[in-house]
Number of protein chains: 2
Amino acid sequence: MMNSTEIAKIAGVSRSTVSRVINNYSNVSEETREKVLRVIKEHEYVPHASARMLAGSQNKVIGLFIIDLIHEEVGLKNRITKSPYYLEFTSSVIETASEMDYLVLVHIIHSVAGYEKIKESFYNKTISGGIFIGQNDDDESIKTIIDRGYKVVLLDQSIRPEDATYNQCMIVNADNYNGAYCATKYLIDKKHKQIAHITGGTVKFSSKDRIRGYKKALEDAGIEVNKNLIVNSEFVENAGYEAAKKLFNGNSEFSAIFASNDKIAFGAIKAIQERGLKVPDDISVIGFDDIESSKYFNPPLTSMKMKLGEMADIATKSIVASIEGETKPSINVVPVSLVERESCGILQ
Amino acid sequence: MMNSTEIAKIAGVSRSTVSRVINNYSNVSEETREKVLRVIKEHEYVPHASARMLAGSQNKVIGLFIIDLIHEEVGLKNRITKSPYYLEFTSSVIETASEMDYLVLVHIIHSVAGYEKIKESFYNKTISGGIFIGQNDDDESIKTIIDRGYKVVLLDQSIRPEDATYNQCMIVNADNYNGAYCATKYLIDKKHKQIAHITGGTVKFSSKDRIRGYKKALEDAGIEVNKNLIVNSEFVENAGYEAAKKLFNGNSEFSAIFASNDKIAFGAIKAIQERGLKVPDDISVIGFDDIESSKYFNPPLTSMKMKLGEMADIATKSIVASIEGETKPSINVVPVSLVERESCGILQ
DNA sequence: TTGTAAGCGTTATCAT
DNA sequence: ATGATAACGCTTACAA
């Protein structure tokens with residue numbers, strides 16, 4: 001096999017010179033450089049990545065950790081598959097990284113056991129930094145990694161200026177609070193007063209922040225928050241379906257639902273329709289995320305669009321900059337926007 | 001930083017013994033093993049991946065190359081994002097690999113320049129094998145890699161027993177031919193005789209094979225193939241839209257369309273509806289792939305479902321087995337199945 | 001500008 | 001069962 005010694009021999013120079021050429025050092029005569037380059041090309045020589053790393057150069061690999069914890073009883077393999085939400089983010093990370101000459105090692109974590117592997121990837125130097133998405137807010141395992149001094153970008157993490165850990169990493173969030181506020185306000189502007197909210201639970205920051213936005217919008221409009229109209233759920237279709245049924249079985253009337261994400265909205269609409277009601281004629285529904293299926297849905301779903309591509313871009317650029325030692329901790333909040341379709345109507 | 005020398009020192013043994021423990025060799029006394037293990041755990045020591053590799057052990061990383069060549073004039077970033085088709089495959093590969101203790105380095109290739117990077121990953125030993133998806137049939141660049149003796153799994157590659165290269169790699173295909181046959185036959189059984197086909201072009205194996213299946217089904221039913229009813233396109237929505245318009249502007253009547261994938265079907269249906277026609281009342285449409293949006297589409301799209309998860313599973317297990325030196329070249333054809341929804345009707 | 005030699009953290013070979 | 005030592009292929013002082 002080809003190695004730098006071989007190349008050096010053929011080119012009639014020393015290994016150090018070959019190394020200099022490869023790393024584009026200036027202290028090489030044009031003549032030698034060209035000669036070496038020619039030999040390299042001719043023999044299709046590519047330096048051994050592990051050897052380079054061992055000898056001291058940073059590796060250009062970032063880890064992308066998609067966390068999708070599954071309750072054991074569910075046991076669904078590939079649940080992430082059901083979540084198109086991550087695709088755009090993931091592919092954007094890969095694209096951006098690729099442009100910056102970085103590679104992306106993607107991990108999908110379903111089990112607590114999988115958490116162990118995360119540390120390994122950092123400790124054994126397989127990656128130079130990591131981007132986390134899907135984890136619960138204020139995750140202890142991840143904090144350990146940050147505390148160890150590894151480069152980390154967190155998506156969907158609440159801002160806690162008092163927590164030293166979070167002053168050593170980078171955070172990228174969608175503007176969940178204002179997005180939820182806007183979604184709720186949109187319903188209010190359509191004359192709705194009894195607006196239910198199906199949440200995404202209480203462990204994800206995004207869900208918690210959307211609840212806040214929902215309440216604030218109600219409050220600002222002088223509408224009292226009705227606890228019976230807030231039902232906790234999870235970011236999957238079936239949970240939305242069950243939550244809507246619970247809403248119907250409750251004692252409070254409602255003419256609109258703000259679902260914490262589109263999957264929940266899909267499930268809720270299914271429950272509404274099963275009851276013989278129509279969306280938006282009888283009940284209006286607005287979602288969050290604007291996943292691809294939403295525009296094909298019947299009725300096309302009104303939703304809050306996240307700029308996932310942009311968020312991925314920020315995350316990737318941050319981590320790379322951080323690896324290359326150029327930047328400091330940062331907090332980024334990326335705006336969301338309303339995508340108006342046909343699932344909300346004016347209350348008669 | 002912790003390394004094997006440190007661990008050895010603390011445990012009071014030599015580096016070789018530490019290495020033996022890590023690699024689970026049998027020639028270590030239980031006593032020593034436990035002592036070393038304890039020290040390792042206590043100090044959270046993880047061996048340096050590059051060092052291990054350099055010293056001879058295989059690395060457990062496989063490359064996943066998602067090829068999505070973009071015509072320059074289009075210039076859309078993240079086009080793969082528009083193709084949920086890959087998400088299920090990608091996540092399944094990662095899941096399965098993870099179960100086998102392998103990591104996945106994902107590459108998305110848009111440009112010819114990106115092709116260079118592929119070779120690099122193999123040559124510099126970053127990966128021990130690669131899975132390719134989305135490439136054109138009979139891709140020369142990839143053949144070079146196979147010829148060099150690297151482990152490769154190809155998705156969507158035509159079977160060419162006469163080509164030595166393809167006897168050195170593994171191939172995983174969906175049963176496009178029978179799937180297309182079945183889709184067309186489904187339409188024929190619904191009394192359609194004038195069945196158009198919007199193809200996915202002539203460079204992807206899947207598209208070519210679907211054309212074959214379509215023609216054969218017609219033939220078997222005694223229906224003559226009408227070239228005017230076959231229009232080439234691409235696996236994206238807008239191409240389907242344009243193709244359908246071309247069909248309407250042609251001289252041949254048709255009552256049904258077999259679209260080479262669901263995105264094309266979406267585009268075609270849009271064109272049909274813009275013409276004031278209804279699906280399935282006026283024109284029936286069947287797709288292929290059964291992507292997630294299809295069940296939400298209006299009307300819900302009848303389609304041929306690929307077992308992407310299973311294909312990913314086979315691909316991953318094949319590449320791992322091959323890396324670990326256990327298997328030989330293979331060809332796998334995974335069946336597809338009809339998912340009947342509401343986009344096809346019986347011709348009156 | 002170029003070459004020499006040490007070192008990166010493992011594993012493998014050979015002794016003991 | 002354990003330890004010493006030589007690779008593995010590169011980068012990087014240090015010398016020349």
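Computed from a predicted model, the values in this text were never measured in an experiment. Reminder, nothing fancy here: chain letters follow the sequence lines and each chain counts from 1.
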Quiz item: Would you say a side-chain N or O of Thr17(B) is under 4.0 Å from OP1 or OP2 of dG3(D)?
Solution: yes
Quiz prompt | Backbone of Ile171(B) reached by a side-chain donor or acceptor of Asn332(B) within 3.5 Å | solution = yes
Quiz item: Taking it one step at a time, do Asp139(A) and Tyr115(A) satisfy side chain to side chain donor-acceptor pair (under 3.5 Å)?
Solution: CA-CA 11 Å; Asp139(A) 184 299; Tyr115(A) 260 79; 2.5 Å; yes
Quiz item: Between Val13(B) and Leu54(B), which is nearer to the 5' end of DNA chain D once each is assigned its nearest nucleotide?
Solution: Val13(B)
Quiz item: Taking Ser91(B) for the side chain and Glu88(B) for the main chain, is one N or O donor matched with an acceptor at less than 3.5 Å?
Solution: yes
Self-check item: Residue-phosphate contact under 4.0 Å: Asn3(B) side-chain N/O, dT10(C) OP1/OP2
Solution: no
Practice problem: Rounded off to whole Å, could you give me the NZ-to-C1' distance for the Lys9(A) and dT2(C) pair? | Solution: 19 Å
Quiz item: Can you tell me if Lys60(B) uses its side chain to pair, donor with acceptor, with the backbone of Leu103(B) under 3.5 Å?
Solution: no
Exercise. Could you tell me the separation between the CE atom of Met53(A) and the P atom of dC10(D), rounded to a whole number of Å?
Key: 15 Å
Quiz item: Arg20(B) has an atom CZ; how far is it from atom C1' of dC14(C), in whole Å?
Solution: 11 Å
Quiz prompt | Asp137(A) versus Gln157(A), side-chain donor and acceptor atoms under 3.5 Å | solution = yes
Quiz item: NA contact type, Ser16(A), heavy-atom cut-off 4.0 Å: base, sugar-phosphate, or nothing?
Solution: base
Exercise. State which of dC10(D), dT2(C), dT2(D) makes the closest approach to the side chain of Pro47(A).
Key: dC10(D)
Quiz item: Under 4.0 Å: is that the gap between some side-chain N or O of Ser4(B) and OP1 or OP2 of dT10(C)?
Solution: yes
Quiz item: Where do Ile66(A) and Phe89(A) land on the side chain to side chain contact (heavy atoms under 4.5 Å, CB included) test, with the steps shown first?
Solution: CA-CA 10 Å; Ile66(A) 300 174; Phe89(A) 184 80; over 6 Å; no
Quiz item: In Å and rounded to the nearest 0.5 Å, what is the CD1 to CZ distance from Ile159(A) to Phe205(A)?
Solution: 5.5 Å
Quiz item: To the nearest Å, how far apart are Asn59(A) CG and dG9(C) P?
Solution: 15 Å
Practice problem: Before accepting this row, confirm whether a basic side-chain N of the pair Lys317(A)/Asp313(A) lies closer than 4.0 Å to the acidic partner's carboxylate O. | Solution: yes
Quiz item: Which residues in residues 24-36 of chain B have at least one heavy atom lying under 4.0 Å from any atom of DNA chain D?
Solution: Asn27(B), Val28(B), Ser29(B), Thr32(B)
Quiz item: Whole Å only: how far is the CD atom of Gln58(A) from the C1' atom of dC10(D)?
Solution: 15 Å
Quiz prompt | Rounded distance (Å) that lies between atom P of dT2(C) and atom CD1 of Ile7(A) | solution = 17 Å
Practice problem: Just compare dC14(D), dG3(D), dT11(C) and give me whichever is closest to any side-chain atom of Arg15(B). | Solution: dT11(C)
Exercise. Please report, rounded to the nearest Å, how far the C1' atom of dC10(D) is from the NE2 atom of His48(B).
Key: 13 Å
Quiz prompt | Atom-to-atom span, CG of Asn124(B) to C1' of dC8(D) - whole angstrom | solution = 15 Å
Quiz item: 5'-most contact on DNA chain C: Ile22(B) or Gly12(A), nearest heavy atom basis?
Solution: Gly12(A)
Practice problem: Compare side-chain N and O positions of Ser19(A) against OP1 and OP2 of dT12(D) and report whether any pair is under 4.0 Å apart. | Solution: no
Exercise. Answer yes or no: does a side-chain N or O of Tyr45(B) lie under 4.0 Å from OP1 or OP2 of dT10(C)?
Key: yes
